Novice: 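Below is one structure. I have some questions about it.
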Amino acid sequence: MIKAILIFNNHGKPRLSKFYEHYNEDIEQQIIRETFHLVSKRDENVCNFLEGGLLIGGSDNKLIYRHYATLYFVFCVDSAESELGILDLIQVFVETLDKCFENVCELDLIFHVDKVHHILAEMVMGGMVLETNMNEIITQVDAQVKMERSEAGIAGAPARAVSAVKNMNLPEMPKNINIGDISIKVNLLLQRL
Amino acid sequence: MSPSVRLQEMIRVIRSARTQGEERGLIQKECAAIRAQFRQSDNGARTHNLAKLLYVHMLGYPAHFGQMECVRLIASPRYSEKRIGYLGAMMLLDEKQDASLLITNSIKNDLSHSSQHVQSLALCTLACMGSAEMCRDLAPEIERLLGASDSYIKKKAILCAVHIVRKIPELGELYTPLACSLLSEKNHGVLHSAVVLITELCERNPDTLRQFRKTVPELVHIMKGLIMSGYSPEHNVAGISDPFLQVRILRLLRILGRCNDAASDAMNDLLAQVATNTDSSKTAGSAVLYETVLTVMDIRSESGLRVLAVNILGRFLLNNDRNIRYISMTSLQKIVQTDHTAVQRHRGTIVDCLKDQDASVKRRALELSLALVSATNIRTMMKELLVFLSTCPPELRAHTASGIFIAAERYAPSQRWHIDTILHVLITAGGDVRDETVPNLIKLITTASELHCYTVLKLYRALITDISQQSLVQVACWCIGEYGDLLLKGECDDIEPMQLTEDDVLDALETVLQSHMSSPASRAFALTATMKLSTRITNNVDRIRSIVSIYGSCIDVELQQRAVEYNALFKKYDHMRAAVLERMPVIDKSSPGDTLGDLTGEVTKDSSLSKPVPGGSTLPLEPASQAFDLLDLLGQTDTVPEASHAESAAAPDPAGPSTGRDLLDLLGGLETTVVPSVTVYEKGGVSLKLQCDSQTETAVTLTFTACNSTQNDITKFTLQAAVPKSIQLQMKAPSGSVLPAGGHSAITQTVVLSNPSKTNLKMRVRLSYSNQGMVCQDTVQIDSFPSPAWT
C-alpha cells in the first residue's frame with residue numbers, strides 16, 4: 001500500500017501532499033520536512049530507495065523517490081508494493097502530467113494544484129494503484145474537465161473560447177510568399193502603360 | 001484582497017511574500033475572509049474559497065473550519081462543486097471527525113448517480129477516508145457496483161471493496177464469490193484491481209486462500225497471454241506488456257503457492273518461462289524478473305528453478321544500475337538463511353558493494369556480509385569488515401562493531417586473533433561500541449593466560465597513542481593494573497619488546513586520571529589500576545601513595561570513596577594489601593549478573609552490569625566490612641575470599657553415592673515426576689516453599705516460591721542465599737519484589753546449584769522484607785532438599 005505521495009521542490013516547499021493514512025496536520029508537515037531532509041542529502045547517482053523516515057509507519061516503509069529538474073516526487077510505500085514498479089509508476093505519473101499540462105513545469109503544479117490532485121486520483125486510489133495506462137487516464141481527465149466546463153455557464157465562456165481556438169484547425173499559412181522584387185514589377189507595369 | 005479573488009491570484013500574492021511572517025499575515029487575512037464567506041449561506045464563489053483553503057492547508061496552516069463547507073459542497077447538485085467538495089473531504093476529514101458521518105448519505109446517493117464521473121468521485125472518497133461505519137453502511141452498494149457493466153466504475157468499485165475489506169475483514173465473505181468471476185475480464189484495469197482484491201482476501205483469511213487456489217490455472221493462462229502477446233501499444237512499458245499487471249499476478253501466485261505442492265507444480269513452467277524470456281535491460285523487465293525470483297524462492301519450487309533464481313539475483317548484483325543492486329541484496333538477505341551455499345558464491349561481489357558510495361547499498365551489503373561470515377572465510381571477511389569500519393558512515397558504525405564482535409566470538413580461529421580483532425575495533429570505533437564490550441573483553445583476556453604479556457604490551461602502546469576512546473582506555477587500564485609486572489619485564493615473543501620504567505607506566509595512568517577526556521568510569525579504572533601496581537612494582541610505591549591520597553578529596557564521590565578506601569589499605573591494613581591486590585582468578589564465563597546481592601562465599605563476580613566494575617578490588621573490602629554479617633557458612637569462616645573456582649573444583653569430596661541422606665539421591669539420576677514442594681519457612685504470614693525442578697549429575701535447579709497470607713502487602717521482598725564453598729550458586733532474577741496480601745500471587749525465584757564435587761547440599765537463606773513500614777529479616781537453613789519421588 002502506498003502510504004503517502006509528496007511532491008516538493010529543491011528548497012523543501014511542498015507542491016503536493018497526499019496522505020492515504022490519517023495524520024495530524026503538524027505531523028504531516030513534520031513528515032514533509034523530514035522527507036525533504038533525507039532526500040535532499042542524496043547524491044545524484046545513488047539508488048532511488050531510502051529507508052528511514054521514522055514518522056511514517058515503522059520499519060516496514062521505504063521512500064522511493066525521483067528527482068526531475070526542480071522537483072522531488074516521493075512515494076512512501078510499504079513492503080507489499082514492488083519497488084521497481086513504483087519507480088515506473090512515478091515515471092507514468094510525470095508523463096501524464098506532461099501530457100495534460102503541455103510541457104509541465106513547477107509553475108503549473110503551483111497554480112493548478114487541484115487539477116494535479118484530480119489526475120492523481122485517477123491513478124492511485126486509497127493507497128492502491130488504480131490505472132497505469134496513460135491514455136486511459138488522460139481520456140478520463142479530459143472527460144471530467146469537459147463536464148466541469150459544461151456546467152460553468154457564462155463564466156466559463158472565456159475558457160471555452162481559449163480551448164476552442166486551440167482546437168481550431170487552421171490551414172497552414174504559407175510562411176514565405178515570394179513575391180519577387182516589387183520595384184522591377186512596377187517598372188514593367190509602367191512601361192506597359 | 002477582494003474576497004472572491006480566484007485561486008491563482010491568491011497563490012500569486014502569497015508567493016510574492018518575502019518573509020515567513022509576511023506570508024503568515026497574508027494567509028491569516030485570507031482565511032478570515034474565507035471564514036466570513038462560509039458563514040454566508042449562498043455564494044457563487046464557494047468552490048474558489050474551498051480551493052484556496054486547500055492550498056493553504058497544503059502549506060501547513062490550520063484549515064479545519066472548512067470541514068462543514070466540504071459537507072455542504074458534496075451535497076450540491078453541480079459537478080464542479082461536488083468535485084472540490086470531495087477533494088476537500090479527502091484532505092480535511094478523517095474517521096475521527098464527526099463531519100465524516102454526515103457525508104455518508106451523500107456518498108450513498110452519488111453512488112447511484114447517473115453520471116459515472118460523480119460515481120467515481122464518491123468511490124474515490126470512500127476508498128481514501130472511509131471509516132468502518134461508513135464502509136459497513138455502503139458495502140451492499142459497492143457489491144452492486146461490482147457487477148456494473150462499465151469497466152471504469154468496476155475497477156474503482158473493486159478497489160473500494162479492497163479498502164472495505166481492510167477496514168472490516170468480515171465483509172470479505174460478501175465479495176468473495178464475485179472476485180472469482182472478475183478474473184475473466186478483458187480490461188487490464190479491472191483485471192489489475194481484481195487481482196489486488198483477491199490478494200487482499202487471501203491474505204486475510206486462510207479459508208478463502210484455499211478457495212482461490214482453484215484459480216491458479218486461470219492466472220497462469222493470463223500470464224502466458226501477457227508474455228506471449230506481441231507488441232500491444234496500450235499496455236506497453238519499455239517493451240514489456242503491462243508489467244504492473246504481471247507483477248501483481250506473480251505476487252498473487254506467490255501467496256497461493258506457498259506451502260502447497262499442487263499449486264506450486266502448476267506454476268513451475270510459467271515461472272521458468274518468465275525467468276528466461278523477460279528482457280531485463282530496462283527497469284520494467286527487471287521488476288518482473290525480480291518478482292519472479294521472489295515467487296520462486298517462496299513457493300515449493302523444484303531445485304533447478306531455485307538455482308536459476310539465485311543466479312538471476314547474482315546477475316542483478318553485477319548490474320550497473322544501483323537500484324537493481326539494492327533490491328537484489330534485499331532479496332538475498334531473505335534467502336541467505338535457507339540457501340546459504342548458493343549465496344556464498346556471490347560473496348565477492350557483495351563484499352565489493354561495501355565500498356560503494358551509496359549509503360543504502362552499503363547498509364544492505366553490510367547486513368549481507370555479516371550473514372555470510374562462516375568459519376572458513378572468517379579471516380578474509382574480517383579484514384574487509386575492519387576496513388569498512390574505518391570508512392563507513394557514522395550511523396552504521398555501531399551496527400558494524402557489534403556485528404564484528406558477534407562474528408569474532410563465534411568463529412575466532414585463535415584467541416590471539418580474537419583479541420587483536422577486538423582491539424582493532426576499539427581503536428577505530430571505540431566510541432560506538434556497547435558497554436558490555438569492556439567486561440567481555442576483560443573476560444576474554446583473563447582466559448588467554450599465555451597471551452597476557454602480549455596483550456598488555458599492545459594495550460599500553462595503544463593507550464599512550466590515544467586516550468580518547470573510553471572503552472579502550474578502560475580495558476588498557478585494567479590490564480596494566482593486573483599485569484603490570486609483565487609489562488615491566490618487557491620481554492615477549494610475539495611483539496617487539498619495549499623497555500619501560502615504572503615511572504612510564506605510572507605516567508600513563510596519571511595522564512588518564514587527569515585528562516578531561518576521560519569519563520568518570522575510566523578514571524575509576526585508572527585509580528584502581530594504580531593501586532594494584534603498588535604490589536606489582538617495587539620502587540615507586542610512595543608515588544602511588546601520593547596519587548591515591550590526592551584523590552581522597554576529589555569532587556567525584558565514587559573516586560573519592562575509592563581513594564579513601566585505598567588510603568586505609570595503605571595505612572591500617574597494610575598487612576593485607578598484598579593479599580587483597582593479588583592477581584585475579586580467571587573469570588567464569590558462564591556466570592551472568594547475580595541480582596539481589598548474593599552474599600556467597602564464592603567469588604561470583606558480576607561483571608556485566610552497566611557500570612563497569614573494576615575487577616574484584618572492591619570485593620575484598622566488602623567482605624572485610626561485612627565479615628561479621630556474613631552468614632557463617634556451616635562453621636567454615638574464610639577471611640580471604642579470593643578462592644578461585646579452580647581451587648574449589650579441585651578439592652574433590654569423595655562422597656560415596658549412598659550415605660543415607662536424601663540429598664545425594666538427588667545427584668544420581670534424572671527422573672521427571674511430579675515433585676512435591678517443601679515449605680522451608682513460615683512465620684508471620686510469610687511462607688517460603690522450595691521445589692526441586694530438575695537435576696543432573698552435578699547441577700540442581702530449585703525454585704523458591706514466597707507467599708503472603710497476611711492482610712497487608714509486603715514490599716521489598718528479597719532472598720539471599722549462601723552455600724558451602726565447594727558448591728556454586730547462581731540466582732536468577734525474581735519474578736517481583738511485592739507480595740500482595742491474601743496470597744493472591746507469589747514471587748518465584750529460580751536458583752541453580754552446581755555441585756561438581758558432589759558435596760552435601762546445604763543452603764542458608766535469608767529473607768528480608770518490609771511489612772507496614774517495618775523491615776524484617778530472617779534466616780533459615782535448609783539441610784534436606786525435596787527429592788523427586790522415584791524408585
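Proteins come first, then strands; the chains are lettered A, B, ... in the order of their sequence lines, and each starts at number 1. Computed from a prediction, not measured in an experiment: that's the story for all the values here.
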Novice: Can you say whether A/Thr139 sits under 4.5 Å from chain B via the side chain, the backbone, both, or neither, judging by heavy atoms?
Specialist: neither

Novice: Using non-hydrogen atoms and a 4.5 Å limit, figure out which bit of B/Gln8 sits close to chain A: side chain, backbone, both or neither.
Specialist: both

Novice: Is any side-chain heavy atom of A/Glu83 closer than 4.5 Å to one of B/Tyr290?
Specialist: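 Contact flag for B/Tyr290/A/Glu83 side chains = yes.
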
Novice: Just so I understand: if I count every heavy-atom pair under 4.5 Å between each of A/Glu28, A/Gln91, A/Met134, A/Glu25 and chain B, which residue has the most?
Specialist: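 The answer is A/Glu25.
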
Novice: Using the rule given for side chain to side chain contact (heavy atoms under 4.5 Å, CB included), can you reason through A/Leu84 versus B/Val247, listing the C-alpha separation, both sets of side-chain angles and the distance that settles it, and then say yes or no?
Specialist: CA-CA 10 Å; A/Leu84 294 175; B/Val247 165; over 6 Å; no

Novice: Determine which residues belonging to residues 105-115 of chain A lie within contact range of chain B, meaning some heavy atom pair is under 4.5 Å apart, and list them by number or answer 'none'.
Specialist: A/Leu107, A/Ile110, A/Phe111, A/His112, A/Val113, A/Asp114

Novice: Any side-chain heavy atom of B/Arg83 within less than 4.5 Å of one from A/Met147?
Specialist: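 They are not in contact (no side-chain heavy atoms under 4.5 Å apart), so the answer is no.
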
Novice: For chain A, which candidate among B/Gly189, B/Gly60, B/Ser193 shows the most heavy-atom pairs at distances under 4.5 Å?
Specialist: B/Gly60

Novice: Looking only at non-hydrogen atoms, find the nearest pair between A/Val46 and B/Arg322 and report the distance.
Specialist: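 The answer is CA-CD, 4.0 Å.
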
Novice: Could you look at B/Arg363 and say if it's the side chain, the backbone, both or neither that has a heavy atom under 4.5 Å from chain A?
Specialist: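 Only the side chain of B/Arg363 comes within 4.5 Å of chain A.
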
Novice: How many angstroms lie between atom CD1 of A/Ile86 and atom OG1 of B/Thr283, to the nearest 0.5 angstrom?
Specialist: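 Separation between the atoms: 13.0 Å.
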
Novice: Judged by modelled atom types alone, do B/Tyr152 and A/Glu131 share a side-chain donor-acceptor pair under 3.5 Å?
Specialist: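 Per modelled atom types, B/Tyr152 and A/Glu131 side chains form no pair under 3.5 Å.
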
Novice: Step by step, work out the side chain to side chain contact (heavy atoms under 4.5 Å, CB included) result for A/Glu122 and B/Lys156.
Specialist: CA-CA 9 Å; A/Glu122 290 299 319; B/Lys156 292 206 171 187; 3.3 Å; yes

Novice: Quick check for you: among B/Arg12, B/Met129, B/Gln116, which has the greatest number of heavy-atom pairs under 4.5 Å with chain A?
Specialist: B/Arg12

Novice: Please evaluate residues B/His163 and A/Met125 with respect to the criterion side chain to side chain contact (heavy atoms under 4.5 Å, CB included), reporting the C-alpha separation (whole Å), side-chain torsions for both, the decisive distance (0.1 Å), and the verdict.
Specialist: CA-CA 10 Å; B/His163 177 85; A/Met125 192 171 105; over 6 Å; no

Novice: Going from NE2 on B/His117 to CD on A/Gln140, what distance comes out if it is rounded to the nearest 0.5 angstrom?
Specialist: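 Result: 6.0 Å between the selected atoms.
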
Novice: Go through the atoms of B/Glu203 and report whether side chain, backbone, both or neither lie under 4.5 Å from a heavy atom of chain A.
Specialist: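 Contact with chain A: none, neither part.
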
Novice: What distance do B/Asp358 atom CG and A/Cys47 atom SG have between them, rounded to the nearest 0.5 Å?
Specialist: 4.0 Å

Novice: Could you tell me the separation between the OH atom of B/Tyr61 and the CD atom of A/Gln29, rounded to the nearest 0.5 Å?
Specialist: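 So the OH of B/Tyr61 and the CD of A/Gln29 are separated by 9.0 Å.
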
Novice: For A/Glu81, is it the side chain, the backbone, both or neither that has a heavy atom under 4.5 Å from a heavy atom of chain B?
Specialist: both

Novice: Check B/Ala284 against A/Asp88 and note the closest heavy-atom contact, atom names and distance.
Specialist: CA-OD2, 3.3 Å

Novice: Contact part of B/Asp242 toward chain A, heavy-atom cut-off under 4.5 Å: side chain, backbone, both or neither?
Specialist: side chain

Novice: Where on A/Asn135 is there a heavy atom nearer than 4.5 Å to chain B: the side chain, the backbone, both, or neither?
Specialist: neither

Novice: Taking side chain as everything from C-beta outward and backbone as N, CA, C, O, which of these in B/Met58 sits under 4.5 Å from a heavy atom of chain A? Side chain, backbone, both or neither.
Specialist: both

Novice: Identify the heavy atoms of B/Cys128 and A/Gly126 that sit nearest to each other, and give their distance.
Specialist: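 Closest approach of B/Cys128 to A/Gly126, heavy atoms only: SG-N, 3.7 Å.
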
Novice: So which residue, A/Leu87, A/Val129, A/Asp43, A/Asp26, ends up with the most heavy-atom pairs under 4.5 Å with chain B?
Specialist: A/Val129

Novice: Is there a side-chain contact between A/Asn133 and B/His188 in this structure, where contact means two heavy atoms from C-beta onward sitting under 4.5 Å apart?
Specialist: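 A side-chain contact is absent here, since even the closest heavy-atom pair is not under 4.5 Å.
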
Novice: Do you know the tightest heavy-atom contact between A/Ala80 and B/Arg251?
Specialist: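 Heavy atoms only, the tightest pair is O-NH1, 2.8 Å.
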
Novice: In terms of side-chain heavy atoms, does B/Ser360 have a donor or acceptor partner in A/Arg42 at a distance below 3.5 Å?
Specialist: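 There is such a pair between these side chains.
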
Novice: If you measure from CE on A/Met128 to CG on B/Leu159, what distance do you get to the nearest 0.5 Å?
Specialist: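 Output value for this atom pair is 5.0 Å.
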
Novice: Please name the pair of heavy atoms, one in B/Ser80 and one in A/Glu148, separated by the smallest distance, quoted to 0.1 Å.
Specialist: CB-CG, 3.5 Å

Novice: Would A/Met1 and B/Glu200 count as a side chain to side chain contact (heavy atoms under 4.5 Å, CB included) here? Give the steps.
Specialist: CA-CA 11 Å; A/Met1 184 179 145; B/Glu200 188 69 29; over 6 Å; no

Novice: With sequence neighbours excluded, tell me which residues meet side chain to side chain contact (heavy atoms under 4.5 Å, CB included) with B/Ser328.
Specialist: B/Leu313, B/Phe316, B/Leu317

Novice: Give, as side chain, backbone, both or neither, the part of A/Gln144 having an atom under 4.5 angstrom from any heavy atom of chain B.
Specialist: both

Novice: Under 4.5 Å heavy-atom distance to chain A, tell me which part of B/Tyr79 shows up: side chain, backbone, both or neither.
Specialist: both

Novice: Look at A/Lys13 together with B/Glu23 and state whether they make a salt bridge at an N to O cut-off of under 4.0 Å.
Specialist: yes

Novice: As an exercise, state the distance from CZ of B/Arg248 to OG of A/Ser82, rounded to the nearest 0.5 Å.
Specialist: 8.5 Å

Novice: What part of B/Thr199 is in contact with chain A, defined as an atom under 4.5 angstrom from a non-hydrogen atom: side chain, backbone, both or neither?
Specialist: neither

